[in-house]
There are 4 protein chains.
Amino acid sequence: MGNDEEKLTEKQKAILDAAVELFAEKGFAATSTNEIAKKAEVAEGTIFKHFKSKKGLLLSVLSPMMVKLIAPMIKNDMNKVLDRDFETFQDFIRGMIENRKEFIKKNLPLLRILVQEIPFHPELKERFIEHIGKEIFDKFRQIVDHYQAKGQIIEADPNTIIRMVAGAILSYILARHIAIPEANWEDESKEIDKIIELLSNGLMPRE
Amino acid sequence: MGNDEEKLTEKQKAILDAAVELFAEKGFAATSTNEIAKKAEVAEGTIFKHFKSKKGLLLSVLSPMMVKLIAPMIKNDMNKVLDRDFETFQDFIRGMIENRKEFIKKNLPLLRILVQEIPFHPELKERFIEHIGKEIFDKFRQIVDHYQAKGQIIEADPNTIIRMVAGAILSYILARHIAIPEANWEDESKEIDKIIELLSNGLMPRE
Amino acid sequence: MGNDEEKLTEKQKAILDAAVELFAEKGFAATSTNEIAKKAEVAEGTIFKHFKSKKGLLLSVLSPMMVKLIAPMIKNDMNKVLDRDFETFQDFIRGMIENRKEFIKKNLPLLRILVQEIPFHPELKERFIEHIGKEIFDKFRQIVDHYQAKGQIIEADPNTIIRMVAGAILSYILARHIAIPEANWEDESKEIDKIIELLSNGLMPRE
Amino acid sequence: MGNDEEKLTEKQKAILDAAVELFAEKGFAATSTNEIAKKAEVAEGTIFKHFKSKKGLLLSVLSPMMVKLIAPMIKNDMNKVLDRDFETFQDFIRGMIENRKEFIKKNLPLLRILVQEIPFHPELKERFIEHIGKEIFDKFRQIVDHYQAKGQIIEADPNTIIRMVAGAILSYILARHIAIPEANWEDESKEIDKIIELLSNGLMPRE
DNA sequence: AATGAATGAGGGTTCATTCAT
DNA sequence: AATGAATGAACCCTCATTCAT
């Protein structure tokens with residue numbers, strides 16, 4: 001069920017695509033397998049042949065995105081930090097965002113489903129926290145340590161720092177792409193600059 | 001349907017309480033009116049006599065909390081700012097949080113339902129944005145202007161500032177009370193101090 | 001339950017009126033007591049205080065009309081025939097129609113309910129056939145005998161004659177007042193004349 | 001939903017049969033889909049898979065009979081009249097009845113349902129009047145014209161003539177097969193003879 | 001591998017009726 | 001006499017899932 005995209009048949013892909021679209025639009029519980037089958041132009045039985053149950057379909061939908069969103073951070077970003085490809089913490093944040101921007105935009109519906117459904121599926125939550133949240137959190141912590149050691153960021157509680165950074169970025173993504181996409185937003189990289197600036201320098205004027 | 005709590009009968013309260021608990025636990029779509037009736041120790045028909053439909057029940061559950069969460073900000077906080085009861089921006093944020101802390105803790109399930117269901121109910125979203133979101137956003141903007149005029153916070157884009165503050169606070173609430181309440185957290189007011197400190201001074205050391 | 005109209009309270013009348021209107025419009029089974037209560041501006045419980053059950057209400061609605069429609073025929077028409085107030089069979093038919101015209105027009109909804117519901121309520125059917133249908137049929141038969149004896153109508157099977165007359169009149173009422181009231185009809189008494197003419201002289205030309 | 005009988009599966013036929021029986025016996029509104037399912041020995045869901053809704057089932061029940069009852073009149077009877085297969089108006093009526101006798105007897109329950117439900121389902125009424133009633137009425141009118149031109153029937157208003165004939169036949173069918181089938185009826189063709197005789201010669205003796 | 005007819009449990013909702021007030 | 005809150009059975013319908021083809 002942890003399908004690598006390459007091994008999927010046309011029908012399987014059609015089902016997954018339809019499921020993503022509908023789960024994101026109406027929520028998992030409010031989407032019927034019948035609707036999915038229709039949108040995927042597939043018989044209802046076919047869904048169950050491939051994914052065993054509706055829940056299995058949900059997991060198959062979410063699994064690959066978790067991996068793809070998280071893995072590069074652990075593999076690449078960390079190394080780039082250690083190899084001094086990111087000289088400053090700001091560079092790191094900008095780089096991290098830049099690397100995921102396209103992926104996130106393409107997979108917004110998936111992210112939405114993940115965020116929506118995690119509270120209702122303990123296995124999902126557990127899997128996410130244990131295998132992914134912790135790992136990424138650890139990596140992030142090491143990165144914070146790294147820049148703290150270099151004296152680039154202050155000696156505050158790393159947890160709070162991480163939450164602050166994550167909160168700033170996520171609240172931006174949520175506001176821009178999900179909550180009020182209809183507002184007139186500036187160019188994306190400018191918005192990101194503003195966030196990074198504020199994050200690093202705070203809200204109070206420097207003397 | 002916009003019930004003042006005082007006018008509710010025992011049964012109505014029992015239904016609302018049961019609904020809140022179950023909606024928060026399993027989500028709106030995955031909760032059956034049958035379950036609600038059982039938990040409220042009421043006949044299923046009674047629910048529909050009072051709330052017309054399952055969706056009507058959802059609205060009746062969410063309406064009062066929206067009002068109670070938002071109204072005081074507009075009425076009280078703003079005045080306190082103008083009356084210099086909050087000397088600094090930090091004081092304002094601390095005061096605002098302090099005033100809502102109890103309410104939020106008592107109504108966490110309701111907040112959760114609101115956040116979970118808003119994406120799937122356009123009327124809800126509209127009502128929230130139009131009648132509440134805009135008003136509170138305007139107020140907040142005035143407050144930012146006020147402190148910017150006093151030179152207490154930098155001249156950055158107010159939207160970004162607001163998102164930053166809100167993001168920091170919400171990510172704390174989410175992390176502490178919903179996502180990983182099982183982590184070992186420090187005393188709440190200390191955590192709040194850390195957030196405010198970081199928000200105002202930023203992540204980079206002041207020389 | 002066989003209420004004489006005089007003894008009814010305001011509420012009872014309101015209930016009966018509302019019931020008549022709704023039963024006629026949507027049918028007995030498809031009308032809810034709740035609707036009746038609302039239209040009668042009465043509490044739902046009140047209906048059951050007075051009429052015991054929904055079916056009881058139906059019977060209370062239909063009982064008086066059966067009596068009023070049928071009784072005069074037995075009491076008056078027959079005597080008029082015997083007293084030679086109706087010289088010919090045609091006079092009799094015209095008189096009978098004339099006497100009931102107003103009543104029927106005013107009570108079309110009731111007639112409709114009666115016709116609609118009789119097939120589904122054996123007691124109703126039985127009561128109608130036993131106590132009313134037979135009596136009126138007997139009377140009618142005597143009348144046919146009377147005019148046959150006078151040589152005014154042919155010696156055919158009285159049953160067939162009665163059915164023919166009744167069929168002609170009813171199909172006119174149905175067509176004009178229920179099935180296609182929107183067609184452009186001639187003046188009512190002219191239509192009646194045509195029916196009587198055709199009934200008595202038949203479809204074939206008299207040489 | 002306008003099913004040709006041939007294309008129906010066993011289950012579909014069973015459902016339709018059960019529905020006809022129950023609708024005729026208790027009326028559409030008073031028949032539950034649960035009952036139909038049980039009588040058809042089918043799961044309740046199956047009904048809705050095939051007929052979409054209870055109302056859809058009603059339409060599927062009635063549609064084919066409307067067609068089958070009416071179509072032959074337009075196609076065959078008219079031609080027979082023109083081809084002088086029916087020399088007299090009486091022949092025509094007798095032929096028309098004869099041709100439909102079996103069908104009507106087999107489909108009495110269906111006729112009953114049609115008559116009972118038409119008043120409560122505007123689409124049904126409309127469909128019947130527009131697509132069927134008008135067509136058959138026009139045909140019938142042409143036939144009356146035809147025989148009037150030949151001098152076989154009098155020059156009265158064709159509408160009245162049609163209503164008279166239809167009323168006579170229908171009141172016979174209603175009386176014999178629905179209202180009081182328990183009465184002791186003569187042989188059917190004799191009854192028909194009597195009706196035709198009365199229709200053509202009227203109630204008054206020809207000197 | 002794929003279908004879609006069939007299932008029956010359970011969904012939200014309405015119902016006639018009761019009963020304390 | 002009148003109310004209307006409360007009931008729970010029954011309503012129509014949808015659901016995820018199965019299975020013969």
Side-chain angles (χ1 to χ4, degrees), chain A residues 9-12 14-15 28-38 40-57, chain B residues 9-12 14-15 28-38 40-57, chain C residues 9-12 14-15 28-38 40-57, chain D residues 9-12 14-15 28-38 40-57:
Chain A
T9 68
E10 286 304 312
K11 303 237 172 202
Q12 284 170 319
I15 292 169
F28 173 74
T31 301
S32 75
T33 51
N34 173 22
E35 284 174 289
I36 298 171
K38 265 182 195 144
E41 291 179 320
V42 146
E44 218 168 339
T46 308
I47 295 177
F48 290 86
K49 270 269 145 59
H50 288 303
F51 302 98
K52 242 177 118 73
S53 70
K54 195 186 167 194
K55 186 116 172 211
L57 179 54
Chain B
T9 68
E10 287 305 311
K11 303 239 171 203
Q12 283 171 319
I15 292 169
F28 174 74
T31 301
S32 77
T33 50
N34 176 10
E35 285 173 288
I36 297 171
K38 267 180 192 145
E41 290 180 317
V42 146
E44 213 169 340
T46 307
I47 295 177
F48 291 88
K49 268 270 148 66
H50 288 303
F51 302 99
K52 210 108 171 110
S53 69
K54 197 186 168 195
K55 185 114 170 213
L57 179 55
Chain C
T9 67
E10 286 304 311
K11 303 237 172 202
Q12 283 169 318
I15 293 169
F28 173 74
T31 301
S32 74
T33 50
N34 174 21
E35 284 173 290
I36 299 171
K38 265 181 193 142
E41 291 178 321
V42 146
E44 217 168 339
T46 308
I47 294 176
F48 289 86
K49 271 269 145 56
H50 288 302
F51 303 99
K52 239 175 123 71
S53 70
K54 196 185 166 194
K55 186 117 172 210
L57 179 54
Chain D
T9 68
E10 288 303 312
K11 304 238 171 202
Q12 283 170 319
I15 292 168
F28 174 74
T31 301
S32 78
T33 50
N34 176 13
E35 285 174 289
I36 298 171
K38 267 179 192 147
E41 291 180 316
V42 145
E44 210 170 342
T46 308
I47 295 177
F48 292 88
K49 267 269 148 69
H50 287 303
F51 302 98
K52 211 109 169 110
S53 69
K54 197 188 169 194
K55 186 115 172 214
L57 179 54

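Heavy-atom basis, side chains included; hydrogens, waters and symmetry copies ignored. Lettering follows sequence order; numbering is per chain, from 1.
A 3.5 Å limit on both hydrogen-bonding distances identifies dA10(F) as the Watson-Crick or G-U partner of dT13(E). Shown here, dA1(E) forms no base pair; nothing in the strands shown gives a Watson-Crick or G-U wobble contact with both key distances under 3.5 Å.
Of all nucleotides listed (dC12(F), dT14(E), dT7(F)), dT7(F) comes nearest to the side chain of K11(B). Closest approach to the E44(C) side chain among dT17(E), dA16(F), dG11(E) is made by dT17(E) (side chain taken as heavy atoms from C-beta onward). For K49(B), taking side-chain heavy atoms from C-beta onward, the closest of the listed nucleotides dA6(E), dT7(F), dA20(E) is dT7(F).
Between T46(D) and dT7(E) there is a side-chain polar atom (N or O) within less than 4.0 angstrom of OP1 or OP2. OP1 or OP2 of dC12(F) sits under 4.0 Å from a side-chain N or O of K54(D).
Of the two residues contacting DNA chain F, namely S53(A) and T33(D), the nearest-nucleotide position lying further toward the 5' end is that of T33(D). Taking for each of A43(A) and S32(B) the nucleotide of DNA chain E with the nearest heavy atom, the 5'-most of the two is the partner of A43(A). Nearest-nucleotide positions on DNA chain E for V42(A) and V42(D) put V42(A) closer to the 5' end. When each of G45(A) and F28(D) is assigned the nucleotide of DNA chain F bearing its nearest heavy atom, the one mapping closer to the 5' terminus is F28(D).
Counting to the nearest Å, the P atom of dT3(F) and the NE2 atom of H50(C) are 8 Å from each other. Atom P of nucleotide dA5(E) and atom CD1 of I15(D) are separated by 12 Å, given to the nearest angstrom. Atom C1' of nucleotide dA10(F) and atom NZ of K38(D) are separated by 11 Å, given to the nearest angstrom. Between the C1' atom of dT14(F) and the CG atom of N34(D) lies a distance of 16 Å, rounded to the nearest Å. Per the geometry, CD belonging to E35(D) stands 18 Å off P belonging to dA9(F), to the nearest Å. Between the C1' atom of dA6(F) and the CD atom of E41(B) lies a distance of 15 Å, rounded to the nearest Å. Distance CZ (F51(C)) to P (dT17(E)): 14 Å, rounded to an integer number of Å. dT14(F) atom P lies 8 Å from atom NZ of K52(D), rounded to whole Å.
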Step-by-step side chain to side chain contact (heavy atoms under 4.5 Å, CB included) determination, L57(C) to I36(C):
CA-CA 11 Å; L57(C) 179 54; I36(C) 299 171; 3.9 Å; yes
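Nearest approach of H50(D) to I15(D), heavy atoms of both residues: CD2-CD1, 4.5 Å. Considering every non-hydrogen atom in both A29(D) and A29(C), the closest pair reads CB-CB, 3.7 Å.
Taking NZ of K54(B) as the reference point, atom CZ of F28(B) lies at 4.5 Å (rounded to 0.5 Å).
Between the side chain of K11(A) and the main chain of I47(A), no donor-acceptor pair closer than 3.5 Å is present.
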